[in-house]
Protein chains: 2
Amino acid sequence: MSTEPATRRGRATRDRILAAAAELIAANGVGTLRLDDVERAAGVGRSQLYHYFANRDDLVNSVVQSTIDTVLAAQEPLLVGLDSIEGIDCWFDDIVANGLRGDGLGGCPIGTLARQLSEHDDVSRSAFVEAFARWEAPLIEGLSRMQANGRLNADADVVELADLTMAAIQGGILLAQVRRKPDQLRLALRGARAALVAATPAGISAT
Amino acid sequence: MSTEPATRRGRATRDRILAAAAELIAANGVGTLRLDDVERAAGVGRSQLYHYFANRDDLVNSVVQSTIDTVLAAQEPLLVGLDSIEGIDCWFDDIVANGLRGDGLGGCPIGTLARQLSEHDDVSRSAFVEAFARWEAPLIEGLSRMQANGRLNADADVVELADLTMAAIQGGILLAQVRRKPDQLRLALRGARAALVAATPAGISAT
DNA sequence: GGCGTTCTGTACTGTATAGTACATTACGGA
DNA sequence: TCCGTAATGTACTATACAGTACAGAACGCC
């Protein structure tokens with residue numbers, strides 16, 4: 001069974017396993033993750049793995065959860081300012097800057113993992129649904145505030161606008177990764193921005 | 001080694017294997033594809049598999065290639081009319097209508113497969129890069145024609161517009177699949193449409 | 001400092017499944 | 001009708017890898 005560590009040392013070991021597994025997954029994907037490699041990378045034995053995690057799936061799920069938490073926590077500061085086009089631009093810039101490594105890889109672990117797992121794994125799929133929702137919520141709130149003070153058309157559907165923004169982010173990362181062209185993400189976000197701007201009273205703005 | 005069939009019967013067998021494998025992959029993903037299942041589904045023995053395909057990877061790659069060809073061929077008729085907002089709308093409608101099954105699953109095998117494979121498989125990744133390029137080419141041409149006859153602003157970058165459209169499609173399918181909400185794809189396309197319309201002389205149009 | 005609990009090392013087992021060997025059957029041309 | 005080649009059936013091997021067993025070391029508490 002999966003056991004929470006009871007000592008400082010145990011906690012450190014568990015964290016090391018988690019970090020090593022996360023890195024391997026980020027580098028090579030979930031499917032090819034081997035426990036042998038995790039052990040070597042974390043410098044632990046087989047028995048540790050099964051001391052802290054019930055089985056391979058449990059380990060993967062734990063990585064997923066902690067990854068989601070980390071990513072969302074890192075974004076938190078920016079998420080409160082999503083109540084103006086300028087604030088959203090800042091957020092987009094941050095996503096472009098930090099969402100990908102230079103080679104167009106490594107971006108948004110949430111989307112990357114979701115793409116690999118949600119196919120046939122219903123457990124983690126729902127975890128991603130929740131993660132997306134948590135990520136999207138601040139945007140919906142921000143857009144709602146914009147609507148409240150007249151910076152967004154009254155007839156705009158904020159949820160739909162937020163949804164299409166999320167789609168643009170994920171699609172941009174996907175194309176950037178497959179094509180190895182980080183710029184694709186920036187372009188995708190420009191599309192979402194156009195849709196947002198089109199829903200403002202000003203209507204059009206410079207791209 | 002992989003051998004091309006030399007007789008009608010052989011061709012039929014190879015096709016059956018390919019079809020069965022494609023269906024299994026579409027249903028359960030690439031990673032969990034077992035040769036035993038392919039055999040049972042196609043009604044063939046192990047020796048047939050290895051008569052027509054070098055190994056498992058070769059089979060998967062063949063499925064990928066034939067899937068790409070099939071999807072692109074099916075879209076062909078619509079791809080010639082992408083030189084007006086109306087034509088693009090038709091294309092979008094078709095993608096929404098045929099790109100997903102009712103439950104938000106099963107759409108665009110290209111993107112779905114790319115998501116699973118391109119992570120760590122460079123061979124098939126480049127196949128997807130090419131497939132995306134082939135798919136995108138007609139859109140780029142259409143937008144260029146629009147630009148030539150003044151229906152698109154002269155300073156618009158047609159490649160960038162096409163890229164962001166592709167990103168919207170893929171992101172929409174991803175969200176639709178993860179959230180099991182087919183509607184997400186439609187919204188994502190609305191975002192791309194807004195970006196396209198913003199690059200037209202008219203500037204704004206009804207959504 | 002003794003004792004129970006937590007933690008760790010190593011060696012093993014079991015199994016799923018990709019790949020092989022080889023004999024046998026159907027086909028197709030001369 | 002015969003012969004070579006393509007196609008097929010079955011039974012086997014190899015192995016990678018998840019999961020287990022169990023003994024021993026480190027730790028924390030009284």
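Sequence lines set the chain letters: A, B, ... in the order given, protein chains first and strands last, and positions in each chain run from 1.
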Subject >> Side chain N55(B), main chain D57(B), donor-acceptor under 3.5 Å >> reply: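 At least one qualifying donor-acceptor pair exists.
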Give the rounded distance in Å between these two atoms: [atom1] of [X] and [atom2] of [N].
X: D57(B); N: dT17(C); atom1: CG; atom2: C1'; result: 14 Å
X: L33(B); N: dG19(C); atom1: CG; atom2: P; result: 12 Å
X: L49(A); N: dT6(C); atom1: CG; atom2: P; result: 19 Å
X: D37(B); N: dT17(C); atom1: CG; atom2: C1'; result: 10 Å
X: R9(B); N: dT25(C); atom1: CZ; atom2: P; result: 13 Å
X: E39(B); N: dA11(D); atom1: CD; atom2: P; result: 13 Å
X: R14(B); N: dT8(D); atom1: CZ; atom2: C1'; result: 17 Å
X: R56(A); N: dA16(C); atom1: CZ; atom2: P; result: 16 Å

Using a cut-off of strictly less than 4.0 Å, decide whether [X] has a side-chain nitrogen or oxygen near OP1 or OP2 of [N].
X: T3(B); N: dA6(D); value: no
X: Y50(A); N: dA21(D); value: no
X: T7(B); N: dG28(C); value: no
X: R34(A); N: dC17(D); value: yes

**OP:** May I ask you to say what R46(B) touches in the nucleic acid, namely base, sugar-phosphate or nothing, with a heavy-atom cut-off under 4.0 Å?
**Re:**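 Answer is base: heavy atoms of R46(B) come under 4.0 Å of a base.
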Nearest to side-chain heavy atoms of [X], which nucleotide of [options]:
X: S47(B); options: dA21(C), dC7(C), dG19(C); answer: dA21(C)
X: H51(B); options: dA26(D), dG9(C), dA6(D); answer: dA6(D)
X: Q48(A); options: dC7(C), dT8(C), dG19(C); answer: dT8(C)

Original post:
Do V64(A) and F128(A) come close enough that some side-chain heavy atom pair is under 4.5 Å?
Top reply: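 Contact flag for V64(A)/F128(A) side chains = yes.
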**OP:** May I ask you to say whether D163(B) pairs ionically with K181(A), meaning some side-chain N is under 4.0 Å from a carboxylate O?
**Re:**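 A salt bridge is absent here (no side-chain N lies under 4.0 Å from a carboxylate O).
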Original post:
Charged N to carboxylate O below 4.0 Å: is that the case for D36(A) and R40(A)?
Top reply: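 Result for this pair is no, no salt bridge flagged.
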Original post:
Does D36(A) or E4(B) map to a spot on DNA chain D nearer the 5' end, using the closest nucleotide for each?
Top reply: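 Final value for this comparison: E4(B).
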Subject >> From CA spacing to verdict: side-chain contact (heavy atoms from CB on, under 4.5 Å), N28(A), L33(A) >> reply: CA-CA 7 Å; N28(A) 305 317; L33(A) 180 76; over 6 Å; no
